[in-house]
Amino acid sequence: MYKVKVFVTLRESVLDPQGKAVTNSLNSLNYKEVADVRIGKYMELTIEKSDRDINEVVNEICTNILANPVIEDYRYEIEEGVTL
């Protein structure tokens with residue numbers, strides 16, 4: 001089994017109004033050193049081993065379901081040998 005940690009974020013060229021609102025809130029609470037916040041998503045998948053390459057499977061899942069490739073980027077980390 002694999003545990004896959006997936007991180008999805010907006011592309012740098014895409015405006016992030018949620019992140020801007022959090023930045024403004026933190027600044028108003030006297031956290032002036034916070035220059036920028038970008039909001040994203042974090043997911044953990046547990047995937048059983050199969051004949052398919054794990055990277056191929058994860059890339060398909062991310063591209064087709066978890067991320068919008070037009071406005072979002074994703075990265076992932078794979079841990080092998082995970083038990084339920």
Side-chain angles (χ1 to χ4, degrees):
M1 289 240 182
Y2 300 98
K3 178 188 270 186
V4 181
K5 298 175 181 180
V6 179
F7 305 86
V8 178
T9 55
L10 288 172
R11 292 184 177 215
E12 285 297 320
S13 61
V14 176
L15 295 177
D16 185 355
Q18 247 184 325
K20 190 65 176 164
V22 172
T23 302
N24 291 341
S25 294
L26 290 170
N27 289 166
S28 71
L29 292 170
N30 248 358
Y31 295 102
K32 303 292 184 193
E33 56 274 312
V34 177
D36 191 36
V37 175
R38 301 286 290 179
I39 302 294
K41 299 179 273 189
Y42 170 74
M43 291 151 271
E44 286 187 2
L45 309 173
T46 303
I47 300 176
E48 294 183 7
K49 289 187 179 185
S50 71
D51 294 341
R52 295 181 63 196
D53 176 65
I54 184 65
N55 287 294
E56 179 185 321
V57 172
V58 174
N59 278 312
E60 270 184 37
I61 290 170
C62 289
T63 302
N64 295 329
I65 299 167
L66 300 181
N68 177 345
V70 174
I71 62 169
E72 295 175 317
D73 290 321
Y74 66 88
R75 68 179 176 82
Y76 58 88
E77 301 169 1
I78 298 173
E79 293 178 22
E80 193 170 353
V82 175
T83 57
L84 289 178

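Starting from 1, each residue takes its place in the sequence as its number. Quick note: numbers below take in every heavy atom, side chains included, and nothing from hydrogens, waters or symmetry partners.
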May I have the list of side-chain donor-acceptor pairs in residues 63-71 shorter than 3.5 Å, sequence neighbours left out?
residue: T63; atom: OG1; partner: N59; partner atom: O; Å: 2.9
residue: T63; atom: OG1; partner: Y74; partner atom: OH; Å: 3.2
residue: N64; atom: ND2; partner: E60; partner atom: O; Å: 3.2
residue: N68; atom: OD1; partner: V70; partner atom: N; Å: 3.0

Legend entry - Residues, nucleotides or ligands: over 12 heavy atoms within 6.0 Å of E33 CD: yes
Inset, instruction - Take atom NZ of K41 as the centre, draw a 6.0 Å sphere, and report whether it contains more than 12 heavy atoms from other residues, nucleotides or ligands. - result: yes
Legend entry - Pairwise side-chain contact, N55 with Y76, heavy-atom cut-off 4.5 Å (strictly under): yes
Inset, instruction - For the pair R75 (side chain) and T9 (backbone), establish whether a donor and an acceptor sit closer than 3.5 Å, ignoring hydrogens and angles. - result: no
Could you tell me which non-hydrogen atom of [X] sits nearest to which non-hydrogen atom of [Y], and how far apart they are?
{"X": "R38", "Y": "D16", "value": "CA-OD2, 3.2 Å"}
{"X": "I61", "Y": "L45", "value": "CG2-CD1, 4.2 Å"}
{"X": "V6", "Y": "C62", "value": "CG1-SG, 3.7 Å"}

Legend entry - Check ion pair E77-K3 (N to O, under 4.0 angstrom): no
Legend entry - Stepwise side-chain contact (heavy atoms from CB on, under 4.5 Å) test for K5 and I78: CA-CA 7 Å; K5 298 175 181 180; I78 298 173; over 6 Å; no
Inset, instruction - Show which residues join L26 in its hydrophobic cluster (side-chain heavy-atom contacts under 4.5 Å, direct or indirect), or state none. - result: V22, L29, Y31, V34, V37, I39
Inset, instruction - Could you pull out all residues at least two apart from Y42 that satisfy side chain to side chain donor-acceptor pair (under 3.5 Å)? - result: E44
Inset, instruction - Spell out, yes or no, whether M1 and I54 are grouped together once hydrophobic residues are joined by side-chain heavy atoms under 4.5 Å, including indirect joins. - result: no
Inset, instruction - Apply salt bridge (charged side-chain N to carboxylate O under 4.0 Å, His left out) to E80 and K49, showing your working. - result: CA-CA 9 Å; E80 193 170 353; K49 289 187 179 185; 2.9 Å; yes
